[in-house]
Asker: 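Take a look at this one; I'll ask things after.
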Amino acid sequence: MNIDENILEKLKNEGNPFEVPKNYFEDFDAMVNFKMQAVEKKSSGYQMLKPYLAIAASFALIFTIWKVITFYSVSPEEKMVSAQEQTSDSTNYSDYELSSLSETEIIEVLAEDYKVEEPNVETTAIIDYLIEEDISLSEIIEY
Amino acid sequence: MSEYSDIEILELFKQDKKKEFAFGLILKKYKKQIYWHVRKIVISHDDADDVAQNTFVKIWKSLPDFRGESKLFTWIYRIATNEALTFLNQKKKKIFVSFTSVEEYLKNTIESDVYFSGSEIQLKLQKAILELPEKQRIVFNMKYFDEMQYDQMSEILDTSVGALKASYHHAVKKVEDFLKNN
């Protein structure tokens, strides 16, 4: 077939190149009805669950409101005490004990708690080890 | 049975007892037009079948809310076009591993489709159409194959008549060039 200026006009007369299975359009209505029933069944399932979901949501809402009310009904001092109780599991210092100490004393006490134990190694042992391993001074400086 | 007008069908749909009858009339009147409209967009029969069925399910669900601001015909075509484009967008996300683009996938589909019996030049025409951008492709199909009026297309695609004319003109040029050069 020669491709000329009127190719599109000519091709129009060749008809529809697409096909459908036999009796497709006759069966189409039934297929749509079947799909519609499936969709309605699915949505009716949701409709059945709807009241239960609403109850569950109500309980969740009540619980949230209760939590919010109890949080705001506690005074700031009480909140501070409870926060201290939560954070000072390892060091139970009472308010009295802390108030009787100066700032530097408090720092010393806290530093004592978090003090890292120094290894109990003799200086001569370190020197012996360095000689044994043949580690030079420049290597130590490098690290 | 004489064919009911769209207005008569809508009147029937408003009566509870005649809802299903009215929907049956819509199916009878539009199923072929909608199927072929969708088929030209998604190419494969199986996909067109799926999209066309979904379109009518959507029509059934949305018809109670139809306010008659547009013609029933326009409204149905708009739903079908949206369903087809949504389908292609979903396809784009799924097929990116095997194909570089959805157009490449569609070209591959048309070549292997048992329900395509066109001649070599018709196959070439379909490939040329698939080279067009998505919106231009729809405009070309609606005008060239369905011979739809520009004002109807304008309502369906929500685009001005002038823009549609320009789009169709460009599409024709591109298709002709493709056919000449390939």
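Reckoned from all heavy atoms, side chains included, excluding hydrogens, waters and symmetry mates.
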Asker: In the single-linkage hydrophobic clustering (I, L, V, M, F, W, Y; side-chain heavy atoms under 4.5 Å), do B/Ile7 and B/Ile9 co-cluster?
Answerer: no
Asker: Could you state whether A/Phe28 and B/Tyr115 fall into the same hydrophobic cluster, counting links through intermediate Ile, Leu, Val, Met, Phe, Trp or Tyr residues with side-chain heavy atoms under 4.5 angstrom apart?
Answerer: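 No.
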Asker: At a heavy-atom separation under 4.5 Å, does B/Ile43 approach chain A through its side chain, its backbone, both, or neither?
Answerer: both
Asker: Considering only heavy atoms, which portion of B/Phe145 lies under 4.5 Å from any heavy atom of chain A: side chain, backbone, both, or neither?
Answerer: neither
Asker: What heavy-atom pair brings A/Leu8 and B/Leu179 nearest, and what distance separates the two atoms?
Answerer: CD2-CD1, 4.4 Å
Asker: Between the main-chain N or O of B/Gly118 and the side-chain N or O of A/Glu14, is there a donor-acceptor pair closer than 3.5 Å?
Answerer: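 Side chain of A/Glu14 to backbone of B/Gly118, a donor-acceptor pair under 3.5 Å: no, none is there.
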Asker: Answer yes if B/Leu27 and A/Phe34 sit in the same cluster of Ile, Leu, Val, Met, Phe, Trp and Tyr residues linked by side chain heavy atoms under 4.5 Å apart, and no otherwise.
Answerer: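 No; A/Phe34 is not reachable from B/Leu27 via cluster members.
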Asker: Can you say whether the rings of B/Trp36 and A/Phe18 are parallel (under 30°), tilted (30 to 60°) or perpendicular (over 60°)?
Answerer: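 Taking A/Phe18 first and then B/Trp36, their aromatic rings sit tilted (interplane angle of 30° to 60°).
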Asker: Within the side chain of B/Lys32, is there an N or O that forms a donor-acceptor pair under 3.5 Å with the backbone of A/Phe25?
Answerer: no
Asker: Given that the side chain runs from C-beta out, which part of B/Asp50 has a heavy atom under 4.5 Å from chain A: side chain, backbone, both or neither?
Answerer: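 Interface part for B/Asp50: both.
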Asker: What part of B/Val175 gets within 4.5 angstrom of chain A, counting heavy atoms only: side chain, backbone, both, or neither?
Answerer: side chain
Asker: If you count heavy atoms of other groups shown closer than 6.0 angstrom to CG of B/Asp158, is the number above 12?
Answerer: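 Open: at most 12 neighbouring heavy atoms sit under 6.0 Å from CG of B/Asp158.
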Asker: With hydrophobic residues grouped by side-chain heavy-atom distances under 4.5 Å, do A/Leu61 and A/Ile69 end up in a single group?
Answerer: yes
Asker: For a 4.5 angstrom cut-off between non-hydrogen side-chain atoms, does B/Glu20 reach A/Met36?
Answerer: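 The answer is no; the side chains never approach within 4.5 Å.
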Asker: Would you find more than 12 non-hydrogen atoms of other residues, nucleotides or ligands less than 6.0 Å from B/Lys18 atom NZ?
Answerer: no
Asker: What option among B/Trp60, B/Tyr144, B/Phe116, B/Phe23 has the most heavy-atom pairs under 4.5 Å with chain A?
Answerer: B/Tyr144
Asker: Measure the shortest side-chain to side-chain distance between A/Lys12 and B/Leu125 over non-hydrogen atoms and say whether it is less than 4.5 angstrom.
Answerer: no
Asker: Check whether B/Ser119 gets within reach of chain A through its side chain, its backbone, both or neither, counting any heavy atom under 4.5 Å.
Answerer: side chain
Asker: Search all heavy atoms of B/Val114 against all heavy atoms of A/Glu19 and return the closest pair with its distance.
Answerer: O-OE1, 4.3 Å
Asker: Considering residues, nucleotides and ligands other than A/Glu26, do more than 12 of their heavy atoms fall under 6.0 Å from its CD?
Answerer: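 Counting other residues, nucleotides and ligands, CD of A/Glu26 exceeds 12 neighbours.
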Asker: Is the shortest heavy-atom distance from the side chain of B/Asn54 to the side chain of A/Lys35 under 4.5 Å?
Answerer: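 Counting from C-beta outward, B/Asn54 and A/Lys35 do come under 4.5 Å.
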Asker: How many angstroms lie between atom CG of A/Leu11 and atom CD of B/Gln122, to the nearest 0.5 angstrom?
Answerer: 6.5 Å
Asker: Using a 4.5 Å cut-off on heavy atoms from C-beta on, say whether the side chain of A/Val20 contacts that of B/Tyr35.
Answerer: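 The answer is yes; the side chains approach within 4.5 Å.
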Asker: Within the 4.5 Å heavy-atom criterion, are B/Phe56 and A/Asn33 side-chain neighbours or not?
Answerer: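 No - every pair of side-chain heavy atoms lies 4.5 Å or more apart.
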Asker: Is it the case that over 12 heavy atoms from other parts of the model lie below 6.0 angstrom from the CD atom of B/Gln149?
Answerer: no
Asker: Does NZ belonging to B/Lys58 count more than 12 external heavy atoms closer than 6.0 Å?
Answerer: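 Check fails, neighbour count at 12 or below.
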Asker: Looking only at heavy atoms and a cut-off of under 4.5 Å, which of B/Ile110, B/Asp49, B/Leu123 has the most pairs with chain A?
Answerer: B/Asp49
Asker: Establish whether B/Val161 and B/Phe73 are linked, either directly or via other cluster members, by ILVMFWY side-chain heavy-atom contacts under 4.5 Å.
Answerer: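 In one cluster: yes.
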Asker: For the atom pair NZ (B/Lys124) and CD1 (A/Ile7), what is the distance rounded to the nearest 0.5 Å?
Answerer: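 Rounded to the nearest 0.5 Å, the NZ-CD1 separation comes out at 9.0 Å.
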Asker: A/Val39 versus B/Lys61: any side-chain heavy-atom pair under 4.5 Å?
Answerer: yes
Asker: Side chain, backbone, both or neither: which part of A/Tyr24 has a non-hydrogen atom closer than 4.5 Å to chain B?
Answerer: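 Side chain of A/Tyr24 only, per the 4.5 Å heavy-atom cut-off to chain B.
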